[in-house]
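Worksheet: the structure to be examined is printed underneath.
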Amino acid sequence: MKLSNSYIALGEHFFQRALPQKVPAANLLLWNNKLADSLLLTPALQKDDALLAQYFSGNQLPEGTNAIALAYSGHQFGHFNPNLGDGRAHLLGELVDTDGVRRDVQLKGSGQTAFSRRGDGKCALGPALREYIMSEALYSLGVPTSRCLAVVATGELINRGLAKPGAVVTRVAASHIRVGSFQYFAARGDIQSLNKLLDYSIERHFPEINEDENLSEEQRVLCFLERVMDKQITLITQWLRIGFIHGVMNTDNTAICGETIDFGPCAMMGIYHEDAVFSSIDEYGRYAFGSQGKIGQWNMARLADCLLLILTSAHKNKDEENAFNGKTDDADYEQQALKKVELIIHQYPNKFDQAYHNMYAKKLGMNAINGDERTIIDELLTLMQSHNLDYTQTFHFLTQSLSDPSQKEMLDTSLSHWYETWLTHLETLKISTQDAEALMVKNNPVVIPRNHHVEEILERCELFLTTRENETPANKKNMVTELVSEFLHVLRSPYQEIETTKNYQDTPKDDDKYYQTFCGT
């Protein structure tokens, strides 16, 4: 296992060099074999639990490691903080996977950095396991996401109101460049670093932009903004498709590569409601289920603010050069550039609306979108909200009803009239029930990581490690693996019912009425 690190070439302004803090008793609890295989980690390394525990706790650094904490800013619940950065994470380096994609390998919960802001830089076992479980669930559901390679217990207790067993989770992502990364330099007026970050981001994530030799520098910047925006629209509509609520869509948690990062206060929606929110820190519902699309546009507007600085600065330099040569240039360029940037951002609502209704059309077995399809979709969601219907179950029953009439009886009677309208419309579109069902099966999961099952597993794992301190490391690993493995096995087959799927399809007794999630910091 040999790491590289292309990010450090950008310069010392982009990060702080920081070593992970050593832990007293590293013990590998979870290991993601399939992800490891895709990263071309050797079978010999994968069989060496002791060495893996040392590597992925931060006690020992793999060859080629240049451990750094990334610098970034961020709007947190709408309030700008110019100095955030990785306060409990260390980027070890990068690996190229079997698809030729460069992937960041980052430890989270690995100790203090220059950005810790008086925090201990640690992570409790519960949040580490949550990120592992939820990211694997999203990946299997077909949602763009970072993934977890390992969870390592540290053998120490950390204070989170109560003493909690500590852990380090290893996150693998296409990169950790965020909207907040651009904001960090924009806030400082550092145009040179902004340009460096833009060039690096394009080369790493959107190389097709550089391949178009006909693009001017201005077009290149605008094209980057549009590409990032399109990825955000894709990501958020996929969240909505499965009922995922991110919970903390701050600009420092908005990755330009379009992957889901930061699973701290995330949750899954049971009963459908567009205002559903479970994060204890989202007091005013800024990041509620139905608000995620609008927040995506807000976050893209903040990226646009940063890119506008690049555009106007480049033109100012050109203008000064022309003036020196006795030429004049358009003094109103700043307003022109603003209009061009705004034009892209103003495209967001229509693009999102189209992607949103296309997504729901597929959940209902339809490909074409016009006024009738939109009406059918919107009426269904209105009925589901007014009658407190479970999101996942309703779409699952609708899917099954096309080939199994008995499943129609599982649907709430409030949907009866709507149901007949839907079937009639499928006939009008000349879509057979077989074709509709085939499309719906791919878009409507039979099982999701329901909140009460996630919490039960996290609590059982924490309880075991807290009360069985004298168990051998092997027994601790075996027990955590046993508690998590069946659930993960089911979540990795979310579109088909396997033998144990039924164990995780039930809804919570209280319908998540009092459920809350908490940031793991």
Side-chain angles (χ1 to χ4, degrees), residues 29-30 32 108-109 123-143 145-148 150-151 153 160 162 164-165 167 169 171 238-248 260-272 276-282 287 289 390-393 396 445-466 479-495 498 500-521:
L29 298 179
L30 293 176
N32 195 330
K108 188 175 178 182
C123 178
L125 176 66
L129 292 177
R130 179 191 296 277
E131 181 148 349
Y132 190 105
I133 291 169
M134 293 300 296
S135 61
E136 280 303 286
L138 262 61
Y139 176 77
S140 300
L141 285 159
V143 179
T145 184
S146 58
R147 299 177 70 189
C148 292
V151 174
R160 293 295 182 267
L162 298 172
K164 300 282 187 178
V169 61
R171 179 163 63 192
Q238 289 303 304
W239 286 352
L240 300 179
R241 179 177 63 83
I242 63 167
F244 178 77
I245 306 170
H246 186 275
V248 59
T260 312
I261 59 170
D262 196 333
F263 291 84
C266 72
M268 299 300 296
M269 182 173 63
I271 289 177
Y272 175 79
V277 59
F278 298 103
S279 172
S280 61
I281 56 176
D282 193 1
Y287 302 138
F289 177 77
D390 185 83
Y391 188 69
T392 301
Q393 283 189 351
H396 178 46
V446 301
V447 66
I448 58 170
R450 289 192 179 271
N451 303 324
H452 62 295
H453 287 301
V454 173
E455 294 299 335
E456 180 185 3
I457 288 171
L458 301 190
E459 289 173 9
R460 291 177 68 186
C461 289
E462 282 190 340
L463 180 63
F464 180 82
L465 289 193
T466 303
M479 178 55 70
V480 170
T481 299
E482 181 180 330
L483 289 170
V484 173
S485 60
E486 181 182 276
F487 191 34
L488 278 176
H489 183 58
V490 168
L491 294 178
R492 284 170 171 153
S493 299
Y495 297 103
I498 59 178
T500 49
T501 299
K502 60 182 179 295
N503 297 338
Y504 302 100
Q505 288 177 299
D506 60 300
T507 58
K509 294 179 180 178
D510 65 350
D511 292 325
D512 283 334
K513 185 176 181 180
Y514 301 106
Y515 181 65
Q516 278 193 316
T517 56
F518 300 87
C519 181
T521 305

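Below, all heavy atoms of this structure are taken into account, side chains as well, without hydrogens, waters or symmetry copies.
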Problem - side chain to side chain contact (heavy atoms under 4.5 Å, CB included), paired with Asp282, selected from Val248, Ile245, Val277, Thr517 - result: Val277
Exercise for the section: For Asp512, enumerate each residue passing the salt bridge (Lys or Arg N to Asp or Glu O under 4.0 Å) test, keeping only those at least two apart in sequence or located in another chain. Expected result: none
Exercise for the section: Check whether any side-chain heavy atom of Leu488 sits under 4.5 Å from a side-chain heavy atom of Tyr132, and report yes or no. Expected result: yes
Practice task
Using the test salt bridge (Lys or Arg N to Asp or Glu O under 4.0 Å), find all partners of Arg460 that sit at least two apart in sequence or belong to another chain.
Solution key: none
Practice task
Would you give the length of the straight line joining atom CZ of Arg171 to atom OG of Ser135, rounded to the nearest 0.5 angstrom?
Solution key: 9.5 Å
Handout entry: For Phe278 against Ala267, the heavy-atom pair lying closest together
Key = CD1-CB, 3.5 Å
Completion exercise
Sorted by chain and number, sequence neighbours left out, salt bridge (Lys or Arg N to Asp or Glu O under 4.0 Å) with Glu456 holds for none
Practice task
State, to 0.1 Å, how close Phe289 and Trp239 come at their nearest heavy-atom pair, and which atoms those are.
Solution key: CE1-O, 4.4 Å
Exercise for the section: Please name all residues satisfying salt bridge (Lys or Arg N to Asp or Glu O under 4.0 Å) with Arg241, sequence neighbours left out, ordered by chain then number. Expected result: none
Exercise for the section: Using a cut-off of 6.0 Å, state whether more than 12 heavy atoms not belonging to Tyr139 lie near its atom OH. Expected result: no
Fill in the blank from the handout: Hits for side chain to side chain contact (heavy atoms under 4.5 Å, CB included) against Gln505, two or more places apart or cross-chain, chain-then-number order -> His396, Val446, Val447, Glu497, Thr501, Lys502
Completion exercise
Separation between CZ (Arg147) and CG (Asn32), nearest 0.5 Å, reads 5.0 Å
Fill in the blank from the handout: Given the options His452, Arg450, Gln393, Asp506 meets side-chain hydrogen bond (donor to acceptor under 3.5 Å, both in side chains) only with His452
Completion exercise
Note: Met268 and Pro449 closest approach over all heavy atoms is CG-O, 3.3 Å
Completion exercise
Output for pair (Leu138 CG, His246 NE2), nearest 0.5 Å, gives 9.5 Å
Exercise for the section: Measure the CG-CG distance between Leu483 and Leu458 for me, rounded to the nearest 0.5 Å. Expected result: 10.5 Å
Completion exercise
Nearest heavy-atom contact between Val151 and Ala167 is CG1-CB, 4.3 Å
Problem - SG-NZ distance between Cys123 and Lys108, expressed to the nearest 0.5 angstrom - result: 6.5 Å
Exercise for the section: Rounded to the nearest 0.5 Å, what's the gap from CZ on Phe244 to OG1 on Thr260? Could you check? Expected result: 5.5 Å
Practice task
List the atom of Leu491, the atom of Pro494, and the distance in Å for their closest heavy-atom pair.
Solution key: O-CD, 3.3 Å
Practice task
Taking side chain to side chain contact (heavy atoms under 4.5 Å, CB included) as the test, write out the residues that go with Thr466, two or more places apart.
Solution key: Pro165
Handout entry: Side-chain (Tyr495) to main-chain (Leu141) donor-acceptor, under 3.5 angstrom
Key = yes
Problem - Among Leu29, Leu125, Leu30, the one residue meeting side chain to side chain contact (heavy atoms under 4.5 Å, CB included) with Cys461 - result: Leu125
Problem - Side chain to side chain, Leu129 and Ile457, heavy atoms closer than 4.5 Å - result: no
Exercise for the section: Check Phe518 against Ser280 and note the closest heavy-atom contact, atom names and distance. Expected result: CD2-OG, 3.0 Å
Handout entry: N/O donor-acceptor pair under 3.5 Å between Asp511 side chain and Lys513 backbone
Key = no
Handout entry: Any side-chain heavy-atom pair of Phe487 and Asn503 under 4.5 Å
Key = no
